[in-house]
S.K.: 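Once you've had a glance at the structure underneath, I'll fire off some questions.
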There are 2 protein chains.
Amino acid sequence: MRMSKEAAAASKVRIIEVASRLLRERGIEATSIADVMAAAGMTHGGFYKHFQSKDELVTAALDAAFASHVERFDRRREENGTQAALDAYVDEYLSPEHVTHAGFGCPVAALGADAGRSSAVVSSAFSRGTEDIIERYVRSAPAGSDVTTSRRAAIRRLAAMVGAVVIARGVGPGALSGEVLAAVSEMENFPLVPRPSRTS
Amino acid sequence: MRMSKEAAAASKVRIIEVASRLLRERGIEATSIADVMAAAGMTHGGFYKHFQSKDELVTAALDAAFASHVERFDRRREENGTQAALDAYVDEYLSPEHVTHAGFGCPVAALGADAGRSSAVVSSAFSRGTEDIIERYVRSAPAGSDVTTSRRAAIRRLAAMVGAVVIARGVGPGALSGEVLAAVSEMENFPLVPRPSRTS
DNA sequence: ACATTTAGATGATCGGTGACATCCTAGCAA
DNA sequence: TTGCTAGGATGTCACCGATCATCTAAATGT
């Protein structure tokens with residue numbers, strides 16, 4: 001049965017939203033188009049009226065996941081200020097809820113490994129999104145900070161948090177999982193104590 | 001045709017070695033048994049004479065990957081001392097070669113996300129291996145260090161390195177990839193500047 | 001030494017499922 | 001009224017994990 005233009009557009013949005021969640025939960029390879037369409041309340045037959053390929057859906061879903069992730073941060077910064085938004089971001093990121101609910105969590109931690117194995121379009125969507133997150137973090141640096149220094153500190157912190165969540169998810173529920181989250185929570189915000197650079 | 005006991009055992013070892021590499025390169029879901037057997041120079045039919053299921057192979061391959069990873073560190077420590085082994089480990093970990101050659105790299109960075117989505121046996125194999133890596137790192141702490149402090153610092157460093165490699169792989173070749181590796185390379189070895197702990 | 005047993009490897013096959021394509025139909029839009 | 005199109009039903013082809021009959025040579029018992 002045919003739907004109105006608005007309803008059709010809403011369908012596409014719903015497909016992307018559902019895909020954005022399922023992909024983060026199950027991974028790219030393990031998520032089928034039929035799964036996504038069924039979760040969106042449709043059969044898989046109509047999928048290709050909205051997207052040309054699975055890759056196109058994955059790219060759209062990745063963009064949506066990064067967008068909602070970043071918007072959440074921006075909204076909190078407007079409401080509660082930069083420092084509060086930053087603290088809330090870190091606390092949420094390193095929470096057990098984030099570890100167990102990958103479907104609504106950071107796309108970097110959930111799909112980083114998958115993105116590296118995917119096609120160039122997916123990988124570049126991932127790259128854009130990651131850059132967006134880093135930028136939000138850099139802008140949260142104390143006023144008058146050196147941009148290069150702030151950026152490196154931001155990357156360092158993001159890397160530590162991504163690694164913590166990946167490890168916590170990988171080891172499954174248990175003591176080690178919480179220990180990892182706690183250890184990274186103790187990390188200082190903007191350190192820069194250089195160690196001798198790589199020689200090779 | 002039937003082979004000798006030694007040849008059969010060698011076949012099993014070869015299957016595990018190949019699987020250990022392919023799984024890290026392509027991910028668990030994207031690696032088929034036929035792929036592994038073909039890369040090991042056999043057809044897929046004989047697989048079940050060696051393993052009862054794919055999960056059993058994945059577990060064995062994970063154990064092997066962690067073992068070779070840890071043995072490499074131990075060997076270097078015996079030959080060149082703890083500090084040199086530690087430096088070499090970090091340098092190698094954060095090298096572009098590690099990013100592009102996931103098949104021979106750290107199983108935590110390559111399969112962390114996949115392990116979290118897999119069965120309990122796979123997840124626990126991943127957990128054991130991760131704990132082994134952390135232990136090696138803790139033992140490399142300066143003599144007289146507080147064990148808890150050292151362990152948290154070790155976890156923090158491992159998390160940062162895992163995150164760096166995951167991000168570098170996800171964003172694909174480009175400036176950001178190298179930037180991430182460089183930023184984490186500048187991380188100090190054993191910091192412990194506590195920030196206010198999570199409130200929620 | 002030799003017959004019997006056993007086990008590694010093969011290739012075909014099975015049920016299930018993947019991505020993707022092709023019609024059909026129902027109803028909005030011109 | 002009628003063309004257009006979202007989405008449902010169905011089909012194709014490839015591949016997945018797993019099983020099987022079959023072959024063959026190593027292992028084993030006498």
Side-chain angles (χ1 to χ4, degrees), chain A residues 1-20 22-23 25-62 111 114-115 117-122 125, chain B residues 1-20 22-23 25-62 111 114-115 117-122 125:
Chain A
M1 45 178 155
R2 161 118 199 227
M3 312 186 80
S4 71
K5 273 188 179 179
E6 306 83 49
S11 286
K12 181 162 184 174
V13 169
R14 205 167 67 254
I15 293 172
I16 293 175
E17 280 174 354
V18 166
S20 156
L22 286 185
L23 287 172
E25 278 175 7
R26 309 180 189 177
I28 295 177
E29 290 276 344
T31 306
S32 75
I33 291 174
D35 286 344
V36 172
M37 293 298 281
M42 297 184 279
T43 57
H44 63 278
F47 174 81
Y48 290 92
K49 297 291 176 194
H50 294 288
F51 304 94
Q52 287 195 353
S53 66
K54 184 183 179 182
D55 256 26
E56 193 177 311
L57 170 66
V58 172
T59 305
L62 255 186
L111 295 174
D114 284 29
R117 301 174 189 127
S118 299
S119 67
V121 278
V122 173
Chain B
M1 46 178 154
R2 170 141 190 207
M3 311 186 81
S4 73
K5 274 188 179 178
E6 306 83 50
S11 286
K12 180 162 186 174
V13 169
R14 208 167 64 250
I15 293 171
I16 292 175
E17 280 175 353
V18 166
S20 155
L22 286 185
L23 287 171
E25 279 175 6
R26 310 181 188 176
I28 295 178
E29 290 277 345
T31 306
S32 73
I33 291 175
D35 284 344
V36 172
M37 294 299 279
M42 296 185 286
T43 57
H44 63 279
F47 173 80
Y48 291 90
K49 291 289 176 184
H50 294 288
F51 304 94
Q52 288 194 354
S53 66
K54 186 184 180 181
D55 256 25
E56 194 178 312
L57 171 66
V58 172
T59 304
L62 255 187
L111 296 173
D114 284 28
R117 301 172 188 131
S118 300
S119 66
V121 278
V122 172

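Note on naming: letters A, B, ... go to the chains in the order of the sequence lines (proteins, then strands), and numbering restarts at 1 for each one.
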S.K.: Are the side chain of B/Arg14 and the backbone of B/Ala40 linked by a donor-acceptor contact shorter than 3.5 Å?
M.R.: yes
S.K.: Report the nucleotide, chosen from C/dA19, C/dG18, D/dG17, that has the shortest atom-to-atom distance to any side-chain atom of B/Ile33.
M.R.: D/dG17
S.K.: May I ask you to evaluate whether B/Ser32 reaches the phosphate of D/dC16, defined as a side-chain N or O under 4.0 Å from OP1 or OP2?
M.R.: yes
S.K.: Taking CG from B/Asp35 and P from D/dC15, how many angstroms apart are they, rounded to a whole number?
M.R.: 10 Å
S.K.: Can you tell me how far P of D/dA18 sits from CG of B/Asp55, to the nearest Å?
M.R.: 8 Å
S.K.: Looking at the side chain of A/His44, which of D/dG11, D/dG7, D/dA18 is the nearest nucleotide?
M.R.: D/dG11
S.K.: Please state whether the phosphate of C/dC20, meaning OP1 or OP2, lies under 4.0 angstrom from any side-chain nitrogen or oxygen of A/Tyr48.
M.R.: yes
S.K.: Could you check whether any side-chain heavy atom of A/Met37 comes within less than 4.5 Å of a side-chain heavy atom of A/Ile15, counting everything from C-beta outward?
M.R.: yes
S.K.: Pick base, sugar-phosphate or nothing for B/His50, based on heavy-atom distances below 4.0 Å to the nucleic acid.
M.R.: sugar-phosphate
S.K.: Let me know the distance between NZ of A/Lys54 and P of D/dA14, rounded to the nearest Å.
M.R.: 19 Å
S.K.: Report the nucleotide, chosen from D/dG8, D/dG17, D/dG7, that has the shortest atom-to-atom distance to any side-chain atom of A/Lys49.
M.R.: D/dG7
S.K.: Output the rounded distance in Å from CE (A/Met37) to P (D/dG7).
M.R.: 7 Å
S.K.: Tell me: CZ of B/Phe47 to P of D/dT19, nearest whole Å?
M.R.: 11 Å
S.K.: Just N and O in the side chain of B/Ser11: are any of them under 4.0 Å from OP1 or OP2 of C/dG8?
M.R.: no
S.K.: Step by step, would you call B/Phe47 with B/Val36 a side chain to side chain contact (heavy atoms under 4.5 Å, CB included)?
M.R.: CA-CA 9 Å; B/Phe47 173 80; B/Val36 172; 5.9 Å; no
S.K.: Rounded to the nearest angstrom, tell me the gap between atom CG in A/Leu23 and atom P in C/dA19.
M.R.: 11 Å
S.K.: Can you see which heavy atom on A/Ile28 is nearest to which on A/Leu23, and at what distance?
M.R.: CA-CD2, 3.8 Å
S.K.: Send over the distance from B/Arg14 CZ to C/dG8 C1', rounded to a whole Å.
M.R.: 12 Å
S.K.: Could you give the CG-to-P distance, from B/Leu57 to D/dG17, as a whole number of Å?
M.R.: 10 Å
S.K.: Starting at the 5' end of DNA chain C and moving along, which residue's nearest nucleotide shows up first, A/Gly46 or A/Glu29?
M.R.: A/Glu29
S.K.: Indicate yes or no for a side-chain donor-acceptor contact from B/Thr59 to the backbone of B/Asp55 under 3.5 Å, with no hydrogens or angles considered.
M.R.: yes
